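The structure under discussion appears below in the form of C-alpha cells.
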2 protein chains.
Amino acid sequence: MKKELTERQQAIFDFILKFKEMNGFPPTLREIGKNFDIASTFGVKRHIDALVKKGYLNVESNTSRGISILFEQNSVTTNSTLNNSMEIPIIGQVAAGIPITSYENLEGTVVIDSSFLKRGQGDSFALKVKGDSMIEEGIFENDLLLVTPQQTANNSDIIVAMVDGEVTVKTFMKKEERIRLIPANKNYTPIEIKPEQDFSIIGKVKGVLRWLN
Amino acid sequence: MKKELTERQQAIFDFILKFKEMNGFPPTLREIGKNFDIASTFGVKRHIDALVKKGYLNVESNTSRGISILFEQNSVTTNSTLNNSMEIPIIGQVAAGIPITSYENLEGTVVIDSSFLKRGQGDSFALKVKGDSMIEEGIFENDLLLVTPQQTANNSDIIVAMVDGEVTVKTFMKKEERIRLIPANKNYTPIEIKPEQDFSIIGKVKGVLRWLN
DNA sequence: AAAGATAGTGAACAAATGTGCACTTGTCAA
DNA sequence: TTGACAAGTGCACATTTGTTCACTATCTTT
C-alpha cells in the first residue's frame with residue numbers, strides 16, 4: 001500500500017513531519033516552499049497533491065494549514081500526551097548561526113519520563129554526543145543528553161555551551177570571572193574562555209540516555 | 001505555576017486539544033467560536049490570550065491556526081497516540097530467593113522510549129545500580145539499567161546475573177565452558193564462575209538512564 | 001523525435017483568518 | 001452605588017493562505 005515517493009516528495013513529507021513536531025501545527029504552502037527554495041506555491045501544491053494521492057497525507061480544501069499526516073512511520077503527536085512522559089526533539093548536528101532548535105538539525109524525537117525534566121521544561125531537547133571528552137563522567141559518544149535551556153550555570157554543572165560557533169559539552173567552572181570548561185578525559189585540557197571569545201551557555205545537562213548493542 | 005482557569009477557558013482549552021487530536025491541526029478563532037456559539041472572533045481571541053498569559057498555550061502572531069499547546073494537564077485527550085513509549089517497573093533492592101520481578105522490590109515505574117526495547121519485550125524492567133564496578137563502561141551508582149530478561153548471553157554483553165544469591169552487573173565472557181564476569185573498574189577483579197556455584201543469567205542490559213543534579 | 005512524468009516560475013484572485021476598536025451585559029465584591 | 005472583571009457583539013481591515021492558469025525546463029521512456 002505504501003507507494004513509492006520521489007526523493008523530493010520524501011523530503012517534503014519529512015519536512016512536514018518535522019515542522020509539525022516543532023510547531024504543533026502544519027506548515028503552509030509558502031513555508032514549505034521557503035524551506036526548499038520553491039518560489040511558487042503551485043509547485044509546492046503539486047507535491048502535496050501527490051502525497052495525498054499516494055496516501056501519505058490528507059488535506060482539507062480551502063483550509064489554511066489543512067495538512068494532516070496519514071502514514072505514520074513514526075508516530076507524531078502533540079508535545080506531551082501521557083501525564084508522566086514527554087516527547088522531546090533530538091538534535092543531531094549543530095551548525096553555527098542556526099538556532100539550536102531549528103528543524104535543520106532535528107533527528108527525531110524521544111519519549112522520556114517526565115521526572116527527568118520537572119516543571120514545565122517543555123522546551124528541553126536531547127543532544128546526541130559527539131566525541132569522548134566526557135567519558136570520565138560516564139558520557140560516551142552517541143549518548144543522548146537531556147538538556148534544559150538556560151543562560152547561566154553553577155560551578156560543576158555539566159553544560160552545553162557554544163564557543164566560537166562550536167557546540168561543546170563540558171563541566172562549568174567559574175572563579176573570579178574566569179570561566180573554564182573542564183573536560184572529563186585526561187587526554188583533553190580545560191578550555192579557558194577569553195573575553196574576546198564568543199561564548200554562551202545553551203543549557204544544562206539533566207540526564208543521560210544510552211542504548212547498548 | 002499552574003494558574004486557575006475559568007470554566008469557559010477550561011472548556012475552550014479542552015476543545016482545542018480535542019480538535020487537534022481529531023484533525024491534526026489546531027482550530028481557527030472562528031472554528032472555536034462556532035463550537036461555542038460565540039459570534040465574534042474577538043471574543044474568542046481574548047480567551048486565547050488569557051490561556052497564553054496563563055501559560056497553557058503558545059500563539060504565533062499573524063499566523064493562521066498558530067496555536068500550540070504548552071501545558072497538558074489530564075483532560076479529554078484520548079491517548080490513541082503514544083504507542084512509542086512504555087512503562088516498566090523499577091527494581092531496587094534485590095534479595096536472594098525472591099523472584100526479581102516480585103512486588104517486594106518494586107520502587108516505582110519509569111516511562112521509556114520504546115526504541116530502547118524492541119519487539120514485545122514487555123517484561124523488561126529497570127534496575128537501579130549499586131556500586132561502581134562498571135564505571136569504565138559509563139555505568140555509575142544510581143544509574144537505571146534497562147534490562148531484558150534472558151537466560152543466555154553472548155560474549156561481551158553486559159548482563160545482570162545472580163551469583164550465589166547476589167545480583168551483579170558485569171560483562172559476560174565465556175571461553176571453553178569457563179564463564180567469567182568482568183567488571184569495568186581496575187579496582188575489581190574478574191569473577192570466575194566455578195561449577196559448584198549457583199549462577200544464573202537474569203537478563204541483558206539494553207540501556208542506561210542517568211539523572212543529573 | 002515525441003510523449004510523459006517531474007519540477008519550477010510568476011502572477012492574479014478569492015477565501016480564510018488574525019487584529020483592533022467601541023459598545024453591551026451580567027456577576028460579584030467593596 | 002461603584003468598580004472590576006469575565007464574556008460577548010458587530011464591524012472594518014490587513015494579512016495570510018489556498019487555488020488556478022499558462023509557460024518553461026529536465027529527465028526518462030517509447
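Every chain is numbered from 1, with letters handed out A, B, ... down the list of sequences. Note that this is a predicted model, so its numbers are computed, not measured.
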query = What is the distance, rounded to the nearest whole Å, between atom CD1 of B/Ile32 and atom P of D/dA7?
reply = 14 Å
task = May I have all residue pairs that pass ring pair (Phe, Tyr, Trp, His ring centres under 6.0 Å) and include part of residues 28-50 of chain A, sequence neighbours excluded?
result = A/Phe15-A/Phe36
remark   = Taken in chain and number order and not counting sequence neighbours, the residues that satisfy side-chain hydrogen bond (donor to acceptor under 3.5 Å, both in side chains) with B/Asp132 are B/Tyr188
task = Return the value, rounded to whole Å, for the distance between atom CD1 of B/Ile38 and atom P of D/dG8.
result = 4 Å
request  = Measure the distance from CD on A/Gln10 to P on C/dT6 and round it to the nearest whole Å.
outcome  = 15 Å
inquiry  = Can you measure B/Lys34 atom NZ to C/dT17 atom C1' for me and round it to whole angstrom units?
reply    = 14 Å
request  = Figure out the CD/P separation between B/Glu7 and D/dA7, and round it to whole Å.
outcome  = 9 Å
request  = List in chain and number order the residues that pass side-chain hydrogen bond (donor to acceptor under 3.5 Å, both in side chains) with B/Asn35, two or more places apart in sequence or in another chain; answer none if no residue qualifies.
outcome  = none
inquiry  = Checking B/Thr28 now: which residues fulfil side-chain hydrogen bond (donor to acceptor under 3.5 Å, both in side chains) with it, not counting sequence neighbours?
reply    = B/Glu31
message = If the condition is side-chain contact (heavy atoms from CB on, under 4.5 Å), which residues does B/Thr152 pass it with, not counting sequence neighbours?
response = none
request  = Mind checking side-chain contact (heavy atoms from CB on, under 4.5 Å) for B/Ile159 and listing every partner two or more places apart, or none if nothing turns up?
outcome  = B/Ala153, B/Asp157, B/Ala161, B/Phe172, B/Leu181, B/Ile201
query = Does A/Arg65 use its side chain to pair, donor to acceptor, with the backbone of B/Ser64 at less than 3.5 Å?
reply = yes
Below 4.0 Å: OP1/OP2 of C/dT6 and any side-chain N or O of A/Gln9 = no
request  = May I have the distance from B/Leu51 (atom CG) to C/dG18 (atom P), rounded to whole angstrom?
outcome  = 15 Å
request  = Please state how far atom CZ in A/Phe25 lies from atom C1' in C/dT17, giving the value in whole angstrom units.
outcome  = 14 Å
message = Holding to side-chain hydrogen bond (donor to acceptor under 3.5 Å, both in side chains), I want the full list of residues that pass it with B/Asn58, two or more places apart in sequence or in another chain.
response = none
task = Kindly compute the distance separating NZ (B/Lys20) from CD1 (B/Ile67), expressed to the nearest 0.5 Å.
result = 9.0 Å
key: Inter-axis angle, terminal five-pair segments of the helix from C/dA1-D/dT30 to C/dA30-D/dT1 [nearest 10°]   = 30°
key: Contacts of type side-chain contact (heavy atoms from CB on, under 4.5 Å), residue A/Asn187, not counting sequence neighbours   = A/Asn185
task = Check whether any side-chain N or O of A/His47 sits under 4.0 Å from OP1 or OP2 of C/dA7, and answer yes or no.
result = yes
message = Within the 4.0 Å limit for protein heavy atoms, which parts of nucleotides 15-22 of chain D are touched? Write it as a string from 5' to 3', B for base, S for sugar-phosphate only, - for none.
response = -SBBBBBB
Polar pairs (N or O, both sides) under 3.5 Å between protein and nucleotides 25-30 of chain D?
none

request  = Take atom CZ of A/Phe36 and atom C1' of C/dT6, then tell me their distance rounded to the nearest Å.
outcome  = 16 Å
ask   = Partners of A/Asp49 by salt bridge (Lys or Arg N to Asp or Glu O under 4.0 Å), sequence neighbours excluded?
value = A/Lys45
